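Note that the coordinates shown come from a computational prediction; the quantities given were computed from them, not determined experimentally.
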Amino acid sequence: MEAKRLNKFIADSGYCSRREADRLIAEGRVRVDGRVGALGDQVQPGVRVEVDGKPLSGRGERVYLALNKPAGIVCTTDPRERYNVVSYLNYPIRIFPVGRLDRESEGLLLLTSDGEIVNRLLRAVGGHEREYEVSVDRPVTREFVERMQAGVPILDTVTLPCRVRKTGEKSFNIVLVQGLNRQIRRMCEALGYRVTRLRRVRIMHIRLGDLRPGQWRELTQAELDGLEKAGIYRKTFS
């Protein structure tokens with residue numbers, strides 16, 4: 001086993017993402033063989049690493065889950081949030097969400113003990129498709145669909161072109177490669193619509209399927225193979 005950067009060692013242990021590990025290190029909560037760890041430290045084989053006094057192994061069990069997140073559950077690991085998704089799922093080993101769905105939204109959410117997946121998704125060039133089913137408070141017109149597809153001014157920018165398809169009098173399907181904060185809700189509000197229900201049904205090639213709200217499943221080997229092909233998942237780690 002070769003030396004690893006400290007943040008990668010922590011992420012590989014399944015404790016948290018690499019970005020979160022950087023924060024823990026900067027806050028002085030990580031110790032390497034008894035001394036306070038520093039950003040950029042290299043961890044040699046056999047070295048003891050602790051976070052808040054808890055020793056890490058450097059390679060925890062890797063799990064990859066798909067959850068149908070109910071509305072009202074919050075995508076955070078913060079135990080101070082009563083309805084945080086980790087407490088809700090109550091999985092036997094430490095996991096954390098990959099990406100976010102806002103409190104009011106429901107649908108497909110990935111969770112994992114593998115901190116590297118978050119890092120690779122954030123670094124991915126061009127973004128990855130995410131598909132949503134949306135209901136709104138007014139009839140969906142052709143003008144609305146065309147304006148949504150072309151890009152809507154929100155958050156001091158204009159959203160990237162996307163695919164939108166009307167599915168009912170007051171509902172539509174939308175496929176995004178962008179991940180702005182509350183993007184679909186803000187886009188609709190900018191055009192005079194209010195979202196009444198928002199459900200994510202697909203992330204890349206991974207689909208929600210027939211999971212009921214609150215149900216979860218492990219990702220299939222075919223889904224993991226698709227993530228590996230996209231350069232996000234790796235079967236083995238150095």
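- Atom CD of Glu143 is surrounded by 12 or fewer heavy atoms from other residues, nucleotides or ligands within 6.0 Å.
- Although no hydrogens or angles enter the test, the distance criterion places no donor-acceptor pair under 3.5 Å between the side chain of Thr196 and the main chain of Asp137.
- Among residues two or more places apart in sequence or in another chain, the salt bridge (Lys or Arg N to Asp or Glu O under 4.0 Å) test is passed with Asp41 by Arg35.
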I would like to know whether Ser105 and Arg185 meet side chain to side chain donor-acceptor pair (under 3.5 Å); could you show each step before the answer?
CA-CA 10 Å; Ser105 299; Arg185 295 180 187 276; 3.0 Å; yes
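- For the pair Arg130 and Gln183, the minimum side-chain heavy-atom distance is 4.5 Å or more.
- For the pair Arg48/Arg31, no side-chain contact is recorded, criterion being any heavy-atom separation below 4.5 Å from C-beta on.
- In this structure the side chain of Arg163 reaches within 4.5 angstrom of the side chain of Glu129, judged on heavy atoms.
- In this structure, Asp78 places its CG atom where more than 12 heavy-atom neighbours from other residues, nucleotides or ligands lie under 6.0 Å away.
- The side-chain heavy atoms of Val43 and Lys8, taken from C-beta on, include no pair separated by under 4.5 Å.
- Summarising the geometry, atom CG belonging to Leu111 is positioned 10.5 Å from atom CH2 belonging to Trp216; distances are rounded to the nearest 0.5 Å.
- Phe96 approaches Val86 most closely through the heavy-atom pair CA-CG2, 4.5 Å.
- The shortest non-hydrogen separation linking Ala190 to Pro153 is CB-O, 4.2 Å.
- The two residues Pro70 and Gly214 come nearest to each other via the heavy atoms CG-N, 3.7 Å.
- Taking each heavy atom of Leu108 and Arg207 in turn, the nearest pair found is CD2-C, 4.2 Å.
- The shortest non-hydrogen separation linking Leu109 to Pro97 is CD2-CB, 4.2 Å.
- A heavy-atom distance below 4.5 Å is not found between the side chains of Leu89 and Ile73.
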Is there a side chain to side chain contact (heavy atoms under 4.5 Å, CB included) between Arg186 and Asn181? Walk through the geometry before answering.
CA-CA 8 Å; Arg186 292 179 189 274; Asn181 182 34; 3.3 Å; yes
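- Within 6.0 Å of CD on Glu218 lie no more than 12 heavy atoms contributed by other residues, nucleotides or ligands.
- A 4.5 Å side-chain heavy-atom check between Tyr83 and Arg103 finds at least one atom pair inside the cut-off.
- Between Glu20 and Thr77, every side-chain heavy-atom pair lies at or beyond the 4.5 Å cut-off.
- Side-chain atoms of Arg100 come within 3.5 Å of backbone atoms of Cys75 as a donor-acceptor pair (strictly under, hydrogens ignored).
- Counting Ile, Leu, Val, Met, Phe, Trp and Tyr side chains that sit under 4.5 Å apart, directly or through other members, Leu191 shares a hydrophobic cluster with Leu101, Tyr132, Val134, Val136, Val140, Phe144, Val145, Met148, Val152, Ile154, Leu155, Val164, Phe172, Ile174, Leu176, Leu180, Ile184, Met187, Tyr193, Val195, Leu198.
- Of all heavy-atom pairs spanning Ile203 and Leu110, the tightest one is CD1-CG, 3.9 Å.
- Here the straight-line distance linking atom CD of Gln178 with atom OG1 of Thr157 works out to 6.5 Å at 0.5 Å rounding.
- Atoms CG and CZ, on Asn7 and Arg19 in that order, are 12.0 Å from each other to the nearest 0.5 Å.
- The closest donor-acceptor contact from the side chain of Ser113 to the backbone of Val63 lies under 3.5 Å.
- In this structure, Ile206 CD1 and Leu219 CG are separated by 5.0 Å, a value rounded to the nearest 0.5 Å.
- Counting heavy atoms from C-beta on, the side chains of Ser135 and Lys170 never come closer than 4.5 Å.
- Every residue meeting the side chain to side chain contact (heavy atoms under 4.5 Å, CB included) condition with Asn173, not counting sequence neighbours, appears here in chain and number order: Glu131, Glu133, Arg165, Thr167, Val175.
- Here the rule is salt bridge (charged side-chain N to carboxylate O under 4.0 Å, His left out) with Glu223, and of Lys229, Arg202, Arg217 only Arg217 fits it.
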